[in-house]
Amino acid sequence: MRVLPPDSEAVLMERAAAIAGKTLQQIATLRQTVLPEQLTRAKGHIGELLEDYLGASAGSLPEPDFRHIGVELKTLPIGKNGKPKESTFVCTVSLLPGDSSHWEDSLVRRKLSRVLWVPVEADTTIPLAQRRIGNAILWSPNLSQEKILRQDWDELMNMVMMGQLDQITARYGKYLQIRPKAQNARSLRSGINADGDIVKTLPRGFYLRTVFTRMILEKSRF
DNA sequence: TACTGATCATTC
DNA sequence: GAATGATCAGTA
């Protein structure tokens with residue numbers, strides 16, 4: 001039985017609060033689903049389990065997970081040092097001109113305008129079933145965060161649109177970076193080269209560095 | 001050990 | 001095939 005989408009942020013937060021401190025096994029049992037033994041062949045499993053529990057609705061559409069309240073769900077894997085272990089995927093990078101040429105109407109901005117961060121224990125010495133959920137954080141970027149996200153986005157998208165895709169590495173961007181987001185290294189998408197011709201290239205995604213999610217986590221603990 | 005580049009499952 | 005959910009794993 002599917003969980004109905006939450007019709008307000010308050011309802012969403014109640015649901016998130018209800019699982020804070022619970023283990024992944026407890027959530028899986030509540031939802032009558034089975035956990036994989038390892039994440040190696042099920043890398044998105046925890047995110048999907050929490051989408052299911054919380055009533056996310058967007059499916060695989062390029063939209064915020066909770067569409068009508070405009071909230072995006074992100075799980076945050078926390079290592080034993082208490083800090084995020086991995087960068088956070090935001091969305092696919094448009095590699096062709098005309099898709100989203102301004103920060104204001106970019107998918108990055110829309111997805112990051114309101115995010116429910118759910119910390120999840122990710123110490124690999126703990127069996128998956130015993131890892132616990134943390135206290136969720138409902139967040140919007142503050143002015144300085146948005147300013148830097150915008151700077152990163154402008155710089156990176158400028159390179160994309162100038163046909164400098166081959167020069168983009170994960171080293172660009174203070175908070176936001178572009179990295180491959182593909183089935184494998186042979187995957188291809190259409191992009192443009194320096195002459196403006198359409199060429200095939202590796203699909204890319206926008207990711208948030210851990211320095212950024214660490215800041216969100218630390219601020220919420222005040 | 002942190003980080004970048006590579007990869008895996010599912011859905012439509 | 002391209003979007004979603006991400007973590008894996010080699011190397012600097």
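Because the structure is a prediction, the values reported are computed rather than measured. Within every chain, numbering begins at 1; the chains are lettered A, B, ... in the order of the sequence lines, protein sequences first and strands thereafter.
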Reckon [X] touches a base, only the sugar-phosphate, or nothing at all at heavy-atom distances under 4.0 Å?
{"X": "A:Ala122", "answer": "nothing"}
{"X": "A:Gln38", "answer": "nothing"}
{"X": "A:Pro203", "answer": "nothing"}
{"X": "A:Gly47", "answer": "sugar-phosphate"}

Can you tell me how far [atom2] of [N] sits from [atom1] of [X], to the nearest Å?
{"X": "A:Phe89", "N": "C:dA2", "atom1": "CZ", "atom2": "P", "value": "14 Å"}
{"X": "A:Leu50", "N": "C:dT4", "atom1": "CG", "atom2": "C1'", "value": "15 Å"}
{"X": "A:Glu63", "N": "C:dG5", "atom1": "CD", "atom2": "P", "value": "11 Å"}
{"X": "A:Asp65", "N": "B:dT10", "atom1": "CG", "atom2": "C1'", "value": "15 Å"}
{"X": "A:Asp52", "N": "C:dA6", "atom1": "CG", "atom2": "P", "value": "13 Å"}
{"X": "A:Leu95", "N": "C:dA3", "atom1": "CG", "atom2": "C1'", "value": "13 Å"}
{"X": "A:Glu48", "N": "C:dT7", "atom1": "CD", "atom2": "P", "value": "11 Å"}
{"X": "A:Glu51", "N": "C:dA3", "atom1": "CD", "atom2": "P", "value": "17 Å"}

Going by side chain to side chain contact (heavy atoms under 4.5 Å, CB included), A:Leu50 matches just one of A:Asp65, A:Leu24, A:Thr75. Which one? A:Thr75
Checking A:Arg179 against A:Ser87: is there a side-chain donor and acceptor pair closer than 3.5 Å? yes
Taking the nucleotide of DNA chain C with the closest heavy atom to each, which residue, A:Arg189 or A:Thr124, is nearer the 5' end?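 Residue closer to the 5' terminus by nearest nucleotide: A:Arg189.
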Without swapping roles, check the side chain of A:Lys85 against the backbone of A:Ala122 for a donor-acceptor pair under 3.5 Å. yes
Is there a donor-acceptor contact under 3.5 Å from the side chain of A:Arg15 to the main chain of A:Leu54? yes
Are A:Lys83 and A:Leu217 side-chain neighbours, meaning at least one heavy-atom pair lies under 4.5 Å? no
Basic-acidic side-chain contact under 4.0 Å: A:Glu63, A:Arg110: yes
Salt bridge or not between A:Glu104 and A:Arg150? Use side-chain N to carboxylate O under 4.0 Å. yes
So, does A:Thr75 get its side chain near the phosphate of C:dG5, meaning an N or O under 4.0 Å from OP1 or OP2?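 No, because none of the side-chain N or O atoms of A:Thr75 sits under 4.0 Å from OP1 or OP2 of C:dG5.
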Reading nucleotides 1-6 of chain B from 5' to 3' and marking B where a protein heavy atom lies under 4.0 Å of the base, S where only the sugar-phosphate is that close, and - otherwise, the string is ---BBB
